[in-house]
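Right, one structure below, let's go through it.
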There are 2 protein chains.
Amino acid sequence: MSNIELNDKKIQILEVAESLFSEKGFEGTSIRDISKEAKINIAMVSYYFGSKERLLEALILHKTTDLKLQLENLLQENIEPLDKVNKLIEIYINRICLNKGIYRVLHFELNNKKREKSLNAFTELKKGNLKSVESIIKQGQDQGVFRKDLNIPLITPTIIGTFFHFHMNRSFFEELLDLKTEEMFNNYIKNNLTKHIQQTIKALLVYEN
Amino acid sequence: MSNIELNDKKIQILEVAESLFSEKGFEGTSIRDISKEAKINIAMVSYYFGSKERLLEALILHKTTDLKLQLENLLQENIEPLDKVNKLIEIYINRICLNKGIYRVLHFELNNKKREKSLNAFTELKKGNLKSVESIIKQGQDQGVFRKDLNIPLITPTIIGTFFHFHMNRSFFEELLDLKTEEMFNNYIKNNLTKHIQQTIKALLVYEN
DNA sequence: GTTTAAATTAAACAACTGTTTAATTTTGTA
DNA sequence: TACAAAATTAAACAGTTGTTTAATTTAAAC
C-alpha cells in the first residue's frame, strides 16, 4: 500500500487519533488507545504509518490541506473589504470548530521537540494565511477604508487567539454563560463570539485614534 | 515536613517541573526527567508531593496566588479608565511572560480528565479576574468613556488569547519578524505586541459603530 | 484453483512509567 | 554524646509504552 494514499482504514485511524490526541494529548494517548477505539490491531498503526510520530505528521498534513484553498478563493471575491474581513473571521472560526481537536495538537505538541516535518507543514500554512490576510487588509487600505498604521501580522493572532482562548476555557465559559448543551455553546460561538471578534477587528481596522 | 509549606527543595522541584512541563507537556515529562534535572532522587517527588498529579496541583497553586492581589490593587488606583485598562493589559502580559510555561500547562493539561482540584483553583482565579475586569469596564462606562454594549466576558479572551497565540507560535514570529535574540523577542512584546493589544482593546471600548 | 501480495493477528521485545519499600544518612534537639 | 525525626538513597514493584516479529488470514490476479 502506498504511503501517501489514504484509504478508508487509514482515515479511520487518523480520525480516532485526532479525537484522542485532542482529548488526552499526544503523549497521553497510547497506540493501544487508538487501536482499541478504532477497533484494529496494535500493529496496524506501525504497519500503515510507520510510527506514532509519523502518524502525527500524516494527521497534520491531512487536516491542513484545504484551508489554503479556501482563503485563496476568498481573495478573489469582489466584495467590500470589511465584508471580506468578516468572512475571513468566519472561515477561521468554522475551520477550527470543524477540526476541533487538531489545533490543540498543532499548537501544543508541535512546539516541543524535533517534529520538524510536521512543524514545517504547519509553518507553511501559517505563512500562506498571513499572505492572504495581508492582501485583504491592503485592499481595504488602498480604498481608504482601513487605517494605514496597522501591525498586520498581529491581526491573525487577535482573531484566532481570542477564539482559541474561548475554546480552551470551554468549561469555564459554559458555566459562566450558562451554556448547558452543545447546541447552546455552538450557538454562542456563532451569534456572540463571532460578532465580538468581528466588532473588535472592525474597530481596530477603522478606528482613528 | 508540612505539606503546604514550601521549602527551598520543594520550590526547586516545582521550578524544574514547570520548565519541563511547559517544554514537553505533563504526560511527556517523567518523574525521572524532573529528578534528573533537579538533581534529586526519584523518590523525593513522591516524598514531598505524594504523586505526580499532586505535584501539578502544588505547581498551579504556587503560581496563581498573587495575581489576584495584583488585580485588586489595580482596582483601587485612582486613574483614568483607559489607563487602567492599559495597565491591566500590561499586568496580564507581564504575568504570562514571567510564568512562561505554566500557562501552557494550565490551559492544555487541565482541560482533560479529572484533575478537578487543580482545575478548581484555576477556575476561581479566572472568576476573580473577570470580576476585576468587569469592575474596571463599568467604571469607564459610568464615566461615559466606554460604550455600553460590550460583551465583557469576551474581553479577557481577546487580551490573553492574542498574547497567548503569539507566544505559542513563537518560532514562527521569530522568523517572520526577524527577532534573532531572546532580547529582541521580549522587546517586540514590550513595544509592539502590548501596544497592538492596547490599541485593539481601546478601539473596541470606545469605537462607536 | 493456484499463486502472490496485502492485510491482520497474537505474542513478545526491551525500555520506560509512577510509586513504594526498606535501609541509610543527615539534621536538629535535649 | 545520644536520641528521634527528617531527608535521602538504591532497588524493586507491577504496568504501560512503542515497535517488531513471525505466523495466519484475506484479497486479487492470472
Side-chain angles (χ1 to χ4, degrees), chain A residues 1-60 105 109-110 112-118, chain B residues 1-60 105 109-110 112-118:
Chain A
M1 147 152 300
S2 159
N3 276 333
I4 302 163
E5 187 194 335
L6 295 179
N7 61 13
D8 290 350
K9 208 120 220 171
K10 268 189 160 185
I11 291 179
Q12 180 201 357
I13 295 175
L14 286 178
E15 274 168 6
V16 171
E18 177 186 11
S19 163
L20 291 180
F21 285 168
S22 76
E23 191 185 324
K24 321 200 289 173
F26 179 74
E27 318 273 359
T29 305
S30 73
I31 292 190
R32 280 167 183 82
D33 292 337
I34 298 172
S35 35
K36 201 174 178 183
E37 185 98 359
K39 283 163 191 160
I40 52 156
N41 189 274
I42 327 162
M44 293 307 288
V45 171
S46 292
Y47 177 71
Y48 273 130
F49 298 96
S51 71
K52 192 188 176 188
E53 203 71 35
R54 295 213 285 155
L55 166 66
L56 177 62
E57 287 173 25
L59 176 59
I60 288 166
V105 181
E109 308 290 357
L110 235 57
N112 315 12
K113 323 171 192 176
K114 50 270 173 194
R115 286 180 191 160
E116 297 213 12
K117 236 181 168 180
S118 312
Chain B
M1 145 154 301
S2 161
N3 276 332
I4 302 163
E5 188 195 333
L6 295 179
N7 58 15
D8 291 352
K9 207 122 222 172
K10 268 189 161 184
I11 292 179
Q12 179 202 357
I13 295 175
L14 286 178
E15 274 167 6
V16 170
E18 177 186 10
S19 163
L20 289 180
F21 286 168
S22 76
E23 192 185 325
K24 321 199 289 174
F26 179 73
E27 318 272 0
T29 305
S30 72
I31 292 189
R32 280 166 183 82
D33 292 338
I34 297 172
S35 36
K36 202 174 178 183
E37 186 96 358
K39 282 164 192 160
I40 51 155
N41 189 275
I42 326 162
M44 292 307 288
V45 172
S46 292
Y47 177 72
Y48 274 130
F49 298 97
S51 70
K52 192 188 176 187
E53 204 73 33
R54 296 214 284 153
L55 166 66
L56 178 62
E57 286 174 26
L59 177 59
I60 289 168
V105 181
E109 307 290 356
L110 235 55
N112 315 10
K113 324 173 193 177
K114 51 269 174 193
R115 285 177 193 160
E116 297 212 12
K117 237 182 167 182
S118 311

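Source: prediction; values computed, not measured. Protein chains get the first letters and strands the later ones, always in sequence-line order, with residue 1 at the start of each.
The distance between atom CG of A/Leu55 and atom P of D/dT19, rounded to the nearest whole Å, is 10 Å. A straight line from NZ of B/Lys52 to C1' of C/dG18 spans 8 Å, rounded to a whole angstrom. Straight-line distance from the NZ atom of A/Lys9 to the C1' atom of C/dT9: 12 Å, rounded to whole Å. Between the P atom of D/dT17 and the CG atom of A/Asp33 lies a distance of 6 Å, rounded to the nearest Å. In this structure, B/Glu27 atom CD and C/dG18 atom C1' are separated by 12 Å, rounded to whole Å. For the pair A/Lys39 NZ and C/dT9 P, the computed distance is 13 Å after rounding to whole Å. Rounded to an integer number of Å, the gap from OH of A/Tyr47 to C1' of C/dT8 is 8 Å. Between the CE atom of A/Met44 and the P atom of C/dA7 there is a distance of 7 Å, given to the nearest Å.
Bending across the helix from C/dG1-D/dC30 to C/dA12-D/dT19, expressed as the angle between its end axes from five pairs apiece, amounts to 20° (10° rounding).
Residue-to-nucleotide proximity on DNA chain D shows that, of B/Ile40 and A/Ile31, the 5′-proximal contact is made by B/Ile40.
Note on B/Ser35: nothing from the nucleic acid sits closer than 4.0 angstrom, heavy atoms only.
Minimum heavy-atom separation, B/Ile34 to B/Val16: O-CG1, 3.7 Å. Considering all non-hydrogen atoms of both residues, B/Lys52 and B/Thr29 come closest at NZ-O, 2.7 Å.
Counting only distance, with no hydrogens or angles, the side chain of B/Ser19 and the backbone of B/Glu15 share no donor-acceptor pair below 3.5 Å. The backbone N or O of B/Leu59 sits nowhere less than 3.5 Å from a side-chain atom of B/Glu18 that would complete a donor-acceptor pair.
To the nearest 0.5 angstrom, A/Glu23 atom CD is 7.5 Å from A/Glu37 atom CD.
Under the side-chain hydrogen bond (donor to acceptor under 3.5 Å, both in side chains) criterion, A/Asp33 pairs with A/Lys24, A/Ser30, sequence neighbours left out.
You'll find the side chain of B/Ile40 stays beyond 4.5 Å of the side chain of B/Tyr48, heavy atoms only. Using a 4.5 Å cut-off on side-chain heavy atoms (C-beta onward), A/Phe21 and A/Leu55 make contact. Side chains of B/Phe49 and B/Leu56 form no contact here, defined as non-hydrogen atoms less than 4.5 Å apart.
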What string of B, S and - do you get for nucleotides 10-16 of chain C, 5' to 3', when a contact is any protein heavy atom under 4.0 Å?
B-B----

